[in-house]
Amino acid sequence: LLMEVEGLRLHRVPRDWMERLIAEPPPEWLYRMEWITQPLDASEPEETSQEPGRWLILDSEEGLGTTLAERLQIKGHECQVLQIPESVDRTESVRDFIASGQGFCRGIVYLGDLDLTGGGLDIPSARQDGWGGVLDIVHGYHQAASAKPPRLWVVTRGALGFEEAETEVSLSQSPTLGLGRVIASE
């Protein structure tokens, strides 16, 4: 026996059914993401009630992580910025950071996706710097076995497209967005 089906009902549709479906406007249940442009407030951000903690920042080649660390240090946080060359094990770095016990781990920021440029899909680079880097970090979380793991912040540029965008969608970064949604639901 290869397959058994119970209660299957088939209905015959007219030959032009698909053509009519395509020609009609899309149904209202479809959605489209739209970005709302807002002016950037250059003033200092409001004070937060969060107590200072430790941050691990896995930096991109452009050095955005250093700037982020400076901003966090002004607020009293302790930051460790790592430029991750291919020879450094991200999983081990994250595990050691969480397990070090040198104070409250507030968060881990991954900026490696910003090193993926262009609209094409470069699977080896995406594995090394994009979704693969995020997966390495999640493995580090698991190996550290912390009762309260720090929040993970993943920064992308061009992972989503929208009509007003002046840049193209970065297909190499889009899988990171999907992986982030899966991680958030776990």
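Glu62 is linked by a salt bridge (charged side-chain N to carboxylate O under 4.0 Å, His left out) to Arg157, counting only residues two or more places apart in sequence or in another chain. For Glu61, there are no side chain to side chain donor-acceptor pair (under 3.5 Å) partners at least two apart in sequence or on another chain. Among residues two or more places apart in sequence or in another chain, the side-chain contact (heavy atoms from CB on, under 4.5 Å) test is passed with Leu82 by Leu56, Leu58, Gln80, Ile84, Ser93. Qualifying salt bridge (charged side-chain N to carboxylate O under 4.0 Å, His left out) partners for Arg90, counting only residues two or more places apart in sequence or in other chains: Asp136. For the salt bridge (charged side-chain N to carboxylate O under 4.0 Å, His left out) test, residues two or more places apart in sequence or in another chain that qualify with Arg20 are Asp16.
Screening Val134, Thr91, Val94 for a side-chain contact (heavy atoms from CB on, under 4.5 Å) with His139, the sole residue that qualifies is Thr91.
Cluster membership check: Val81 does not share its hydrophobic cluster with Phe97, using side-chain heavy-atom separations under 4.5 Å among Ile, Leu, Val, Met, Phe, Trp and Tyr. Hydrophobic clustering (side-chain heavy atoms under 4.5 Å, transitive across Ile, Leu, Val, Met, Phe, Trp, Tyr) keeps Ile57 apart from Leu116. Tracing side-chain contacts under 4.5 Å through hydrophobic residues (I, L, V, M, F, W, Y), one reaches Ile137 starting from Leu179; they form part of the same cluster. Note on Leu68: it clusters hydrophobically with Leu114, by side-chain heavy-atom contacts below 4.5 Å among ILVMFWY residues. In terms of hydrophobic clustering, with Ile, Leu, Val, Met, Phe, Trp and Tyr side chains grouped at heavy-atom distances under 4.5 Å, Leu111 and Leu152 are assigned to different clusters.
A distance of 5.0 Å separates NZ of Lys148 from CZ of Phe104, quoted to the nearest 0.5 Å.
You'll find the side chain of Trp55 reaches within 4.5 Å of the side chain of Val109, heavy atoms only. Taking 4.5 Å as the limit, every side-chain heavy atom of Ile74 sits out of range of all side-chain heavy atoms of Glu70. For the pair Gln143 and Glu92, the minimum side-chain heavy-atom distance is 4.5 Å or more. Two residues are said to be in side-chain contact when any heavy atoms from C-beta on lie closer than 4.5 Å; Tyr141 and Ile98 meet this criterion. Within the 4.5 Å cutoff, no side-chain heavy atoms of His77 are placed close to those of Arg54.
More than 12 non-hydrogen atoms from other residues, nucleotides or ligands lie less than 6.0 angstrom from CG of Leu8.
Residue Pro150 comes nearest to Cys105 through the heavy atom pair CB-O, 3.4 Å, listed as atom of the first residue, atom of the second, then distance. Here the shortest heavy-atom pairing between Leu72 and Cys79 reads CB-SG, 3.6 Å. Contact detail for Gly133 and Tyr110: the closest heavy-atom pair is CA-OH, 3.5 Å. When all heavy atoms are compared, the tightest approach of Asp59 to Gly65 is OD1-N, 2.7 Å.
For the residue pair Asp113 / Thr176, a side-chain donor-acceptor distance below 3.5 Å is found, with atom types taken as modelled.
Between the side chain of Arg95 and the backbone N or O of Ala144, no donor-acceptor pair lies under 3.5 Å.
Listed by first and then second residue, the side-chain hydrogen bond (donor to acceptor under 3.5 Å, both in side chains) pairs that reach into residues 2-14 come to none, sequence neighbours excluded.
The cationic group of Arg15 does not satisfy the cation-pi geometry with Trp17, failing either the under 6.0 Å distance to the six-membered ring centre or the 45° limit from the ring axis.
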